[in-house]
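I have placed the structure first, in the form of structure tokens, so that the comments after it can refer back to it.
Reminder, nothing fancy here: chain letters follow the sequence lines and each chain counts from 1.
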There are 2 protein chains.
Amino acid sequence: MTKIQDPMLSFEEELNMYLAGNSIDCVIFGYEHQELKILLLQWKHHPVWSLPGGFIRKDEDMNKAANRVLIERTGLKSVYLNQFRTFGSVARSELHKNAQFMRLDLFKKSEVFSAKTIAWLTKRFITTGYFALVDIEKTSPKPDFLSAKCEWKSLKDTPPLLLDHNDIVQKALEHLRIRLNYLPIGASLLPHKFTMQDLQKLYEAILQKPLERSNFQRKLLKLDFLNRHEKQMTGAANKAPYLYSFDMIKYEKLIKQGIGFSF
Amino acid sequence: MTKIQDPMLSFEEELNMYLAGNSIDCVIFGYEHQELKILLLQWKHHPVWSLPGGFIRKDEDMNKAANRVLIERTGLKSVYLNQFRTFGSVARSELHKNAQFMRLDLFKKSEVFSAKTIAWLTKRFITTGYFALVDIEKTSPKPDFLSAKCEWKSLKDTPPLLLDHNDIVQKALEHLRIRLNYLPIGASLLPHKFTMQDLQKLYEAILQKPLERSNFQRKLLKLDFLNRHEKQMTGAANKAPYLYSFDMIKYEKLIKQGIGFSF
DNA sequence: ATTATATTGTGTCAAAAAAATACAATAAAG
DNA sequence: CTTTATTGTATTTTTTTGACACAATATAAT
């Protein structure tokens with residue numbers, strides 16, 4: 001959708017390219033300052049936030065659509081997205097018609113969209129959720145032409161989102177926690193080099209419970225997918241920690257095997 | 001769809017009630033004679049088998065549609081269905097147009113469906129898979145008016161199925177195995193009272209590997225959700241096993257906690 | 001009636017994994 | 001130098017797992 005220059009006219013035409021009834025929503029988890037965050041968009045002319053989402057082209061695989069949608073709406077490329085659940089209640093589209101969505105000046109005044117386009121957008125949609133984990137520092141989110149902002153928001157104080165997007169985030173988080181118990185995670189969330197504490201804090205942020213330091217270290221080192229590098233002088237009055245990086249060959253091998261462990 | 005009396009005319013009309021683009025497919029696992037089976041439908045006038053599937057009404061929740069579809073197509077009621085994945089590749093609908101689906105006499109000769117109906121049915125559909133585990137002895141599958149047969153087929157020699165239904169079954173099975181590692185299973189698959197051997201064979205059928213008898217027993221009893229009853233005189237020349245049943249209160253509690261274990 | 005046979009319930013024992021704790025090493029501040 | 005906070009690793013304890021032993025027992029064979 002980023003290519004649209006004259007929204008009023010061409011948006012309506014462009015919608016013919018898409019399946020009318022299915023959508024994609026992406027829950028992008030990022031990690032920064034020992035906090036789990038998600039990437040959200042804020043609409044132009046209206047303060048409501050929502051997940052980056054979009055539609056599926058008639059000639060496009062749903063999985064590919066998810067990546068395209070994420071790129072178009074946020075600028076994030078090469079993100080490994082996982083499908084986690086499809087949301088198909090009638091209530092979720094009723095929200096379109098009754099609640100915030102119609103109150104958007106954007107829609108009400110029809111300054112941007114034609115009546116036909118609004119009718120299309122407010123139909124019933126069944127949406128499929130995808131999630132991903134990314135290193136915030138490696139991203140530079142850009143809002144698309146529909147949005148005023150594209151920002152990382154702390155998961156702890158996620159604002160009220162459009163439609164049922166808060167529920168979608170919740171389900172994505174549950175899914176992520178289960179995954180953590182049988183797949184190592186982190187290669188895409190952390191900077192290239194990180195300390196063991198960084199990794200532990202990440203796990204704690206996802207699981208939302210404290211883990212025992214020395215046991216965490218032993219367990220992760222035993223899985224044998226971390227490379228140890230030089231020490232990092234932190235400037236703090238204590239012993240400097242080693243830096244680690246993921247050995248991607250061993251890491252991928254482990255993921256394929258599906259070796260499990262639990263915390 | 002069971003209510004249709006004059007398919008040629010009213011099926012076309014009835015399709016207006018449904019979302020054009022989304023479907024449901026159910027993978028119903030059953031267990032009988034120490035074997036895992038799935039419930040399949042065979043089309044009238046054509047030998048091809050397929051998963052019981054159908055469409056979502058415009059005013060119906062997708063989850064509810066799954067139960068309705070299952071009832072309509074197989075007669076199975078009160079089945080607890082779990083959504084496991086949505087299949088949205090373009091290729092899966094191409095199969096509609098190029099492969100078996102069009103070769104069905106049912107479609108080619110248009111004896112049953114109008115051209116318009118065929119056009120509707122062979123459009124691109126994004127399908128959501130649901131799975132369930134049921135006790136075969138408690139079911140009496142009945143084919144709907146579209147189908148000649150509705151039968152349990154051994155998972156080991158599943159016939160070639162319509163479209164990508166074999167892939168869907170495979171994904172359902174993977175999902176089931178992962179689930180088994182963090183949730184106890186069996187309440188819906190076995191008769192009310194069963195022996196420890198019954199339960200073990202069920203686990204072995206799902207995991208497709210042998211488990212050690214005494215360790216299995218120890219592990220399951222420790223989870224403390226089984227009630228022990230009187231012994232069962234099997235008539236065999238050996239010690240009679242105890243009968244067990246699920247303590248549903250403890251069982252549900254365990255499932256909510258998500259207590260995990262692995263085999 | 002006695003013995004044989006297959007299967008069950010339970011116990012044991014060693015190996016492995018996980019949890020809890022201890023402690024020396026160390027970077028910087030006082 | 002001493003203190004302080006944190007790190008890397010070792011040690012101990014507890015729990016879980018896998019392998020196997022063995023008595024109990026329902027019936028068949030003798």
Nucleotide N/O of nucleotides 15-17 of chain C paired with protein N/O under 3.5 Å:
unit_1, atom_1, unit_2, atom_2, d
C:dA17, OP2, A:Lys222, NZ, 3.2

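- The CD atom of B:Glu212 sits 14 Å away from the C1' atom of C:dC13 (whole-angstrom rounding).
- Listed for the B:Thr74 side chain is no donor-acceptor partner under 3.5 Å among the backbone atoms of B:Ile71.
- Listed candidates were D:dA26, D:dG8, C:dG9. Nearest to the side chain of B:Gln217 is C:dG9.
- Within a 6.0 Å radius of CD in B:Glu174, other residues, nucleotides and ligands contribute more than 12 heavy atoms.
- Straight-line distance from the CG atom of A:Leu221 to the P atom of D:dT7: 14 Å, rounded to whole Å.
- Using a distance-only test at 3.5 Å, with no hydrogens or angles considered, a donor-acceptor pair links the side chain of A:Glu212 to the main chain of A:Ser214.
- You'll find the side chain of B:Leu161 stays beyond 4.5 Å of the side chain of B:Asp167, heavy atoms only.
- Regarding B:Phe216, its CZ atom lies at a distance of 18 Å from the P atom of C:dT7, rounded to whole Å.
- Separating the OH atom of A:Tyr242 from the P atom of C:dA25 is a distance of 13 Å, rounded to the nearest angstrom.
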Summarise protein proximity over nucleotides 1-6 of chain D in one line of letters, 5' to 3': B for base, S for sugar-phosphate only, - for none, counting protein heavy atoms closer than 4.0 Å. ---BBB
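- Side-chain contact between A:Ile28 and A:Leu76 is present, with at least one heavy-atom pair separated by less than 4.5 Å.
- Using a 4.0 Å heavy-atom cutoff across all strands shown, B:Ser214 reaches at least one base atom of the nucleic acid.
- Listed for the B:Tyr130 side chain is no donor-acceptor partner under 3.5 Å among the backbone atoms of B:Leu81.
- When ring centroids are compared, B:Phe246 and B:Phe225 come within the 6.0 Å threshold.
- Mapping A:Leu243 and B:Gly235 onto DNA chain D via the closest heavy atom, the residue that lands nearer the 5' end is A:Leu243.
- Sorted by first and then second residue, the pairs that involve residues 192-207 of chain B and meet salt bridge (Lys or Arg N to Asp or Glu O under 4.0 Å), not counting sequence neighbours, are B:Lys193-B:Glu230.
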